[in-house]
Amino acid sequence: MRLSAYPIVNLKEVPADAEIVSHQLMLRAGLIRRLSAGLYSWMPMGLRVLRKVEAIVREEMNRAGALEILMPTIQPAELWQESGRWVEYGPELLRLTDRHDRGYVYGPTHEEVVTDIARRELRTYRQLPVNFYQIQLKFRDEIRPRFGVMRAREFIMKDAYSFHADEASLDEAYRRMHDAYQRIFTRCGLSFRAVQADNGSIGGTGSQEFHVLAPSGEDAIVFSDGDDYAANLEMAPALPPATARPAPAAPLNEVATPKAHTIADLVRQLGVPASQCVKTLIVDGEAGDLVALVVRGDHELNAIKAQKLEHVASPLRMAAPDRIRTELGGEIGSLGPIGLRCRLIVDHAAAALADFVSGANKPGYHLTGCNWGRDAAEPVTADLRNVVDGDPSPTGTGRLSITRGIEVGHIFKLGTKYSAALSAAVADENGQPVTMHMGCYGIGVTRVVAAAIEQNNDAAGIIWPDPIAPFKVLLVPMNWAKSARVREVSERLYAELEAAGLEPLLDDRDARPGVKFADGELYGIPHRIVIGERGLDAGVLEYRQRRATDNEDAPLDGLAAFLAERIARGTPGSV
Ligand code: ATP
Ligand code: MG
């Protein structure tokens, strides 16, 4: 492409809501433009990157034996009623009505449609296993669309769905998808990790997320330093403390704590560490009652763990303050387990405390010297909290540390959740119907582009990994307007590189070198060649890799081979 024919102007000012660097750079470099909340157009240079990611995904899915299909984005409501998700999916599901008053949804995902295809097309176990995939638009009415295409409302997903006669076959497909994902994200030039993930109401261990590691990531990822354990914080188990609870030593004592509403206030007023205090959180119970969840003052409640507990409503809902007032006679900020008239579930670490501080169930007061078994009944305990840095690994080897990640992919053993609901069965060897086992495998294709930038940028702009760069080589002619020789050589090199598949971007604008260099760096083109009169006299060109700080000579003759060799070396060190 020639920049003289490229109409998109770089943005100097980015809107204040562009909080993260990938969103800022995608707007500044003109890769995307916002239409409305969570809706973006892909502009020419951005689309080139997106198509490269898609091509890598498609190649690796095909290599893994998956079959590409394309399903409608608009799906009939009846299918969603059949699966139960018409109600379950909640407000993220965009519901539509046609002129005949029939209900539809704009697909946020395609389990229903693909299972409908499977129940019509697949009759016998001999047709299995099969893995259908598509690369297509999805719509989710995200409560808080943000970070540009990272959390958009409309986005492109690669979604694959596999069908099996038995669980062993599903396990095999799941492993294959895991390996395909490893290849995909490696080929995209990303630094990533596969981590164990929560698999909602389905249970079991068949769910992994692929995270691009970046400080701006919305997810917290937990690693062990002792082995290869890695999990999403949502589901990393916290082991109960290894040591026994000390015996009570202090008397129970009520103290006035005016204006202490948070643990931090309490720490300040009473001079006790947060780890000696407990927090009491009231949530809706399964039976329409209220349930108190107790965690240590320095720990955070883990909603995913809590909502899986018997007696606790799922999804987790904090109880309404007026219900707490009327039914428990307390105020948020002054609640505590002693004398509380509702079901109590206590985190292992909070249950291991002696002589602790808690709310007195009386506004403006707290209790010190609280002890389980003496002042309150021996508690029912559970794992309720997020793990923290330094906790022992649940595998028993090593300590945990926490870092941030961007979820770019998710593989999931669905079992028979959808096939049972939609009666998708095949005949087995004996002609008996068996409900198919399913797996589903997603990649946020548009999110991958943003995640790649999040991981690869500097003060000057984007630094594309070679395999997904919109153009591999930037040709910067000096004095384009005045030097016929520079123009002639540049045109020749442009044609040569184009023919060699090196995807050159020719900056044939009549602009100052500084402007050309700055734009090339903003766009993140990984390899730059400068063509100037002085170099031509000596038969050389100036080469610089986007991450390098110095120029090197590149040969005028054989430039394509020189660049191909540099590209084959790969982009050094992304993180
Ligand atoms: P998240 O926890 O980020 O909301 P999810 O669990 O809803 O993700 P899946 O349903 O597993 O996501 O979708 C598959 C992939 O689609 C995700 O791994 C992610 O990369 C991508 N994705 C999901 N929601 C969005 C979105 N709003 N914008 C862009 N990509 C998305
Ligand atoms: Mg989501």
Side-chain angles (χ1 to χ4, degrees), residues 20 22-23 26 32 34-40 42 46 50 53-54 57 61 83 85 88-94 105-112 114 133-161 174 177-178 180-181 184-185 188 190 192-202 206-214 216-221 231-235 303-304 315 404-414 417-418 438-455:
I20 59 171
S22 60
H23 189 190
M26 288 184 87
I32 54 168
R34 180 181 182 274
L35 175 64
S36 157
L39 300 177
Y40 289 87
W42 285 80
L50 182 60
V53 175
E54 278 181 16
V57 169
M61 290 304 291
S83 73
R85 286 207 290 185
E88 254 172 44
Y89 209 94
E92 254 187 42
L93 187 63
L94 180 64
V105 308
Y106 192 118
T109 173
H110 278 69
E111 282 83 4
E112 281 80 0
V114 79
Y133 81 97
Q134 63 174 352
I135 298 177
Q136 195 223 29
L137 288 170
K138 300 278 184 268
F139 188 94
R140 295 182 181 180
D141 206 349
E142 296 276 353
I143 187 164
R144 219 154 65 82
R146 59 192 178 282
F147 308 148
V149 298
M150 193 81 92
R151 184 167 297 284
R153 292 200 296 167
E154 192 184 73
F155 59 97
I156 295 177
M157 195 197 288
K158 184 286 296 174
D159 45 331
Y161 308 87
Y174 182 88
M177 282 296 106
H178 178 276
Y181 277 37
I184 288 168
F185 298 122
C188 287
L190 299 172
F192 67 95
R193 279 291 291 269
V195 308
Q196 290 178 27
D198 173 54
N199 53 356
S201 52
I202 293 167
S207 173
Q208 278 162 295
E209 291 166 352
F210 287 75
H211 283 265
V212 164
L213 306 178
S216 63
E218 288 186 280
D219 285 88
I221 307 301
N232 194 309
L233 180 75
E234 285 177 351
M235 61 95 67
I304 303 281
R404 313 274 333 158
I406 300 165
E407 183 196 324
V408 287
H410 194 178
I411 59 176
F412 202 108
K413 290 182 196 169
L414 287 170
K417 181 175 156 107
Y418 295 95
M438 288 174 63
C440 73
Y441 319 93
I443 290 182
V445 180
T446 39
R447 185 181 283 183
V448 167
V449 177
I453 298 176
E454 213 49 54
Q455 205 169 63

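All ligand and atom numbering here is 1-based and tracks the order in the structure. Quick caveat, the model's predicted, so the values are computed rather than measured.
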Name the residues in contact with ligand 1, where contact means a heavy atom under 4.0 Å away: which are they?
-> Arg140, Glu142, Val149, Met150, Arg151, Ala152, Phe155, Met157, Glu407, Val408, Gly409, His410, Gly444, Arg447
Side chain of Tyr161, backbone of His110: donor and acceptor closer than 3.5 Å?
-> yes
Got a donor-acceptor contact below 3.5 angstrom from the Ser22 side chain to the Ala451 backbone?
-> no
Applying salt bridge (charged side-chain N to carboxylate O under 4.0 Å, His left out) to Asp141 and not counting sequence neighbours gives Arg153
Test applied, side-chain hydrogen bond (donor to acceptor under 3.5 Å, both in side chains); reference residue, Gln208; option that passes from Tyr441, Tyr181, Tyr174 | Tyr174
Does the Arg447 side chain pair with the main chain of Met150, one donor and one acceptor, at a distance under 3.5 Å?
-> yes
Is a side-chain N or O of Arg404 found less than 3.5 angstrom from the main chain of Glu218, in a donor-acceptor match?
-> yes
